[in-house]
Protein chains: 2
Amino acid sequence: MNVGEVAALAGVTVRTLHHYDRIGLLSPSGRTAAGYRQYSPADLDRLHQVLLYRELGFPLEEVATLLDDPSADPAVHLRRQHRLLQDRLERTQAMVAAVEKEMEARSMGISLTPEERFEVFGDWLPEEYAAEAEEKWGGTEAWAQSQQRTRAMTKDDWLRVKAETDDVEARFAAALRDGVPADGETAMGLAEEHRQQISRNFYDCGYEIHAGLGRMYVEDERFTAHYEGIAPGLAQYVSTAVQANAARHGG
Amino acid sequence: MNVGEVAALAGVTVRTLHHYDRIGLLSPSGRTAAGYRQYSPADLDRLHQVLLYRELGFPLEEVATLLDDPSADPAVHLRRQHRLLQDRLERTQAMVAAVEKEMEARSMGISLTPEERFEVFGDWLPEEYAAEAEEKWGGTEAWAQSQQRTRAMTKDDWLRVKAETDDVEARFAAALRDGVPADGETAMGLAEEHRQQISRNFYDCGYEIHAGLGRMYVEDERFTAHYEGIAPGLAQYVSTAVQANAARHGG
DNA sequence: CTTGACCCTGACGCGACGTCAGGCCGCAGC
DNA sequence: GCTGCGGCCTGACGTCGCGTCAGGGTCAAG
């Protein structure tokens, strides 16, 4: 199939398909001698996934990493999409309820407080991220604790927590810069501080959990990006330090 | 309240409020001596409306025209939002169903046709516009006819229809330019052609309906914009011609 | 062998902000 | 009184996901 047909079938414009091709999100599996894009059924499959994730609000770059993850087979995507769609359903229902509440209030001559009226917008920002996080960690004790504690935090609390975190990260970066070994006493000390910070602010972070986190810093691109954004090599450095510290206490 | 507080309450960034101020969508009702934005409760009300419409996918400019329409009291907005949210609910449910269908198909080893898989995306483009249109005309016979006929149209059909329409509109513009009276024989002839075109291509357009359409050309800004984009004064001209033609046949 | 629909690749534009940069408030603490 | 330090201000440029030409090749039908 050529672009026009695919566009008509999927309900997108040709330009959109060009765009997806250029950014590498969906490149047709073939071209004719004249350079015409040729889409295979597999390409259509992928397009379908792309459109679903897009509809759910994912930035295209993230859609690409999701779909290119070789450890995620189609069933994983379907389950995730199902969950995200149900989240959206709940959210929409909440908004419907809010509007109905307001209509009723109006008809009774009452007026709602600003807090009441904005609450449906308030904590939903991470529609997709929250869903993903819950998929990974939902149901665990740590997750529940974290949810409960962070919900109670004020803006000042957040700023304090962020300052603490920034501090430790900066000292990690300094250690890396100065050539301090990642599995040495100093770096392990920082790792321990890091662990205690998490325990204080989010959830009881034991050594095994901390070691798991450490692994994620080099495996999950979002964490990796965070640390590499501070200093190149920092993700690996922190990961090593955290795991060394865990090993020391664990065994 | 100053920007920061409003932003925190509504779950948006300060930058967003700056933006809404600059484009005139939501300008705080006051400023302090130092130039600090001061938001009143009424401003918060408006912000709430803005965020709801935004969430529903309306471009900000359109949100502004909706909210600035003096003929639309708060209740109108609430009803519209309620309808749009319910549309979204239905649509999301359809998508959930589609994903479930696909999961089942996969588990049975069957695979769906491309058409089946994309159909949920297909005809939904005008989430909001379609909803608005249906709100106005839904349930009428003309609406149903139009829906049925346009669904059956191929791309070529659309092009042909568009060419026809463009032709009549160009002749209307020429008449206007040449100073031909809008309620004269020539202009009424064009109006009659216009009416028959609609009847052929969309729905049985009698004289009363046509007269109603004519009124809309000067009352609904979208129609007005369309005609004024062709030639200044054309909206009024066509409107007059159409109504004169209807009056001639009606009485 | 032309015509008209369809395809290609730039390249610029746009909406709705994000993200600095440079500088002015406002109030707490010394 | 001064000095931070967070919050606010106004530009101004960057980003994302395309829309929209411009200039030109391709292909099936007549």
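The sequence lines fix the lettering, A, B, ..., with proteins before strands; numbering per chain opens at 1. Since the structure is predicted, the reported quantities are computational estimates derived from the model, not experimental observations. Because only heavy atoms are used, hydrogens play no part in the values below, and waters and symmetry mates are left out as well, while side chains stay in.
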Rounded to whole angstroms, how far apart are NE2 on A/His19 and P on C/dG13? 18 Å
Just by distance, do the side chain of B/Arg79 and the backbone of A/Met103 share a donor-acceptor pair under 3.5 Å? no
Tell me: CG of B/Leu26 to P of C/dA16, nearest whole Å? 14 Å
DNA chain C: B/Glu61 or B/Ala33, which has the more 5' nearest nucleotide? B/Glu61
Looking at D/dC18, I'd like to know if its phosphate oxygens (OP1 or OP2) sit under 4.0 Å from a side-chain N or O belonging to A/His18. no
Does B/Thr13 reach a base, just sugar-phosphate, or nothing at all? Heavy atoms under 4.0 Å. sugar-phosphate
Between C/dG26, D/dG17, C/dA16, spot the one nearest the side chain of B/Ala34, thanks. C/dG26
Given 3.5 Å as the limit, does a donor-acceptor pair link the side chain of A/Asp43 with the main chain of A/Ser29, or not? yes
Note: for A/Ile23 and B/Asn2 on DNA chain D, the residue whose nearest nucleotide lies more 5' is B/Asn2
Residue B/Thr16, side-chain heavy atoms: nucleotide from D/dC9, D/dG17, C/dG18 that is nearest: C/dG18
Length of the CD-C1' vector between B/Glu5 and D/dC8, whole Å: 12 Å
Give the rounded distance in Å between these two atoms: CD of B/Gln38 and P of D/dG7. 16 Å
On the nucleotide C/dG26, are OP1 or OP2 found under 4.0 Å from the side-chain N or O atoms that B/Tyr36 carries? no
Please state whether the phosphate of C/dA16, meaning OP1 or OP2, lies under 4.0 angstrom from any side-chain nitrogen or oxygen of B/Arg15. no
Ignoring backbone atoms, test whether B/Arg54 places a side-chain nitrogen or oxygen under 4.0 Å from the OP1 or OP2 oxygen of C/dC17. yes
Does a nitrogen or oxygen in the side chain of B/Arg37 sit under 4.0 Å from OP1 or OP2 of D/dC9? yes
Within this structure, what is the CE-to-P distance between A/Met1 and C/dC7, rounded to whole angstrom? 11 Å
Using atom CG of B/Leu60 as one end and atom C1' of C/dC14 as the other, report the distance to the nearest whole Å. 13 Å
Does B/Tyr39 form a side chain to side chain contact (heavy atoms under 4.5 Å, CB included) with B/Arg37? I'd like the steps, not just the answer. CA-CA 7 Å; B/Tyr39 290 85; B/Arg37 270 164 261 253; 3.6 Å; yes
Under 3.5 Å: donor-acceptor pair, side chain of B/Thr65, backbone of B/Glu62: yes
Just how far, in rounded Å, is C1' of D/dG19 from CZ of A/Arg22? 14 Å
What's the CG-P distance between B/Leu17 and D/dG7, to the nearest Å? 15 Å
Side-chain atoms of A/Arg31 come closest, of D/dG17, D/dC9, C/dC8, to C/dC8
Backbone N or O of A/Ala235 within a donor-acceptor pair of the A/Ser239 side chain at under 3.5 Å? no
